[in-house]
Amino acid sequence: MATRHFLTLTDFSQKELHKLIIRAIELKKMRQQGEKYEPLKNKTLGMVFEKSSTRTRVSFEAAMTHFGGHAIFLSPRDTQLGRGEPIEDTARVLSRMVDIIMIRTYEHEKLERFAQHSIVPVINALTDKFHPCQLLADVQTYVEKRGNIKGKKVAWVSDGNNMCHSYINAAKLFEFDLKIACPEGHFPDRDILASVKENCEIVGSPELAVENADLVVTDVWASMGQEQEQAARLKTFSGYQITPELMALAKPDALFMHCLPAHRGEEVSATVIDGPQSAVWDEAENRLHAQKALLEFLLTNVC
Ligand code: CP
Ligand code: NVA
């Protein structure tokens, strides 16, 4: 059987994704009840990070510890990858030594090349184009708090970035309606948008996106790698902050999510992110449980 990878949500079927969410919720309960479950004893996860991370690194590393396995953190500062060893060679070598690999890098195409040369499963831990692991956690969080996300109205108010692209994929696979508000010049990728026909559209203002929404989502205005654009983006995106006034246009029981790290006073006001509608801490915690379900699925085929 061909090696399965998780480079975007579209690598999995709708059925597999639904099962993963259910399994993530189960694994969370098992951990809360103190149940020991070690399906990945003697298994090793290689973690290649070319960008910074708090949640992704800690959640994957803790997941492997809980599962009885081990994780190795690899940064370009300490590996030959940082000194120019080709990505293909790194993939060939690492995948002969470890059982599964996650990568956080810049170009999505680099991740694809890595996966092509890996004999073990490869997980996208964020590229400039997609962040699918975060979507598993976001959907899990919504399902836990409000039930099925199918048919719900989700508002994306921010840059048309990696998170936005993964929300577009998720809209198709989990069948929710997605309304996107981005400033001109910061729209999501046209091809990704075109892959979702009925239930995803760009609207003209944050207000139109948020009106009657069940879930309001934002992200930083300047992603990793766009640090030089930070000042210009502050101007371009002013008017896109999630404020209590904007949240008031959503349904009264709407949730607020943000993948974090957040900038209070920029993309979201402190009142919203620290307020009663915010689900961000459970969302961050669910990275652990959702990725445990993902690791278990890719390594044991249990789901
Ligand atoms: N949300 C997320 O991926 O966080 P980190 O950058 O801290 O991993
Ligand atoms: N869009 C953000 C997400 C961080 C988790 C970035 O790429 O920096």
Side-chain angles (χ1 to χ4, degrees), residues 6-9 24 45-64 71 73-76 101-111 123-142 156-170 180-183 186-189 192 215-230 232-234 236-237 240-242 255-264 266-268 273 278-292 294-295:
F6 185 63
L7 308 189
T8 74
L9 288 171
L45 166 71
M47 306 194 300
V48 180
F49 278 99
E50 295 198 298
K51 290 177 174 173
S52 306
S53 169
T54 298
R55 282 144 287 270
T56 306
R57 177 182 175 178
V58 176
S59 54
F60 270 112
E61 202 163 325
M64 287 307 287
F73 175 72
L74 300 157
S75 93
I101 300 167
M102 57 115 290
I103 310 184
R104 169 167 286 197
T105 189
Y106 292 86
E107 304 87 2
H108 190 74
E109 178 267 337
K110 194 170 174 184
L111 168 80
I123 296 171
N124 180 356
L126 183 147
T127 62
D128 288 345
K129 210 163 181 184
F130 296 107
H131 194 8
C133 289
Q134 184 68 51
L135 262 291
L136 296 180
D138 288 21
V139 173
Q140 180 190 343
T141 309
Y142 190 87
W156 175 267
V157 180
S158 187
D159 189 18
N161 63 12
N162 45 9
M163 277 296 299
C164 179
H165 293 153
S166 285
Y167 260 94
I168 295 170
N169 283 343
I180 299 170
C182 308
H186 296 277
F187 288 173
D189 181 279
I192 299 171
L215 170 62
V216 177
V217 194
T218 190
D219 186 13
V220 290
W221 291 340
S223 287
M224 288 181 277
Q226 297 173 332
E227 287 77 10
Q228 274 89 337
E229 296 174 35
Q230 175 75 28
R233 281 173 176 257
L234 275 180
T236 310
F237 283 81
Y240 283 75
Q241 183 180 109
I242 311 293
L255 294 175
F256 169 76
M257 291 194 202
H258 187 314
C259 63
L260 305 178
H263 297 85
R264 288 168 177 78
E266 292 181 22
E267 72 273 9
V268 61
I273 195 168
S278 174
V280 298
W281 312 121
D282 291 319
E283 181 188 2
E285 180 191 330
N286 284 341
R287 293 293 303 279
L288 170 68
H289 311 294
Q291 287 156 203
K292 281 169 94 169
L294 178 64
L295 290 165

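When a ligand or atom number is given, it counts from 1 through the structure's own listing order.
- Classification of D128 and K110 as a salt-bridged pair fails, no side-chain N sitting under 4.0 Å from a carboxylate O.
- Under the 3.5 Å distance criterion, the side-chain polar atoms of N162 are matched with a main-chain donor or acceptor of T127.
- Those atoms of ligand 2 that come under 4.0 Å of a heavy atom in L260, given as number and element, are 5 (C).
- Taking a cut-off of under 4.0 Å to the non-hydrogen atoms of M224, the atoms of ligand 2 that pass are 6 (C), 7 (O), 8 (O).
- Partners of E267 according to the salt bridge (charged side-chain N to carboxylate O under 4.0 Å, His left out) rule, which considers only residues two or more places apart in sequence or in another chain, do not exist here.
- Take E107 and apply the salt bridge (charged side-chain N to carboxylate O under 4.0 Å, His left out) test, not counting sequence neighbours, and it matches no residue.
- The one candidate from T218, L215, D219 that meets the side chain to side chain contact (heavy atoms under 4.5 Å, CB included) condition with W156 is D219.
- Closest to atom 3 (C) of ligand 2, if we only count protein heavy atoms, is D219 OD2, 3.7 Å.
- Judged purely by distance below 3.5 Å, without hydrogens or angles, the side chains of N286 and T141 pair a donor atom with an acceptor atom.
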CA sep, side-chain torsions, deciding dist, call: Q226, D159, side chain to side chain contact (heavy atoms under 4.5 Å, CB included): CA-CA 12 Å; Q226 297 173 332; D159 189 18; 4.1 Å; yes
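- Residue K51 places no N or O, backbone or side chain, under 3.5 Å from any N or O of ligand 2.
- Taking a heavy-atom cut-off of under 4.0 Å, ligand 1 is surrounded by S53, T54, R55, T56, R104, H131, Q134, C259, L260, R287.
- Contacts of L126 with ligand 2, taken as heavy-atom pairs under 4.0 Å, involve the side chain alone.
- Protein heavy atom in closest approach to atom 7 (O) of ligand 2: N162 ND2, 2.8 Å.
- Screening residues 53-62 for salt bridge (Lys or Arg N to Asp or Glu O under 4.0 Å), with sequence neighbours left out, gives R57-E61.
- Here the closest non-hydrogen pair linking N161 and V220 is ND2-O, 4.0 Å.
- Short contacts between ligand 2 and N161, defined as distances under 4.0 Å to a heavy atom of the residue, involve ligand atoms 1 (N).
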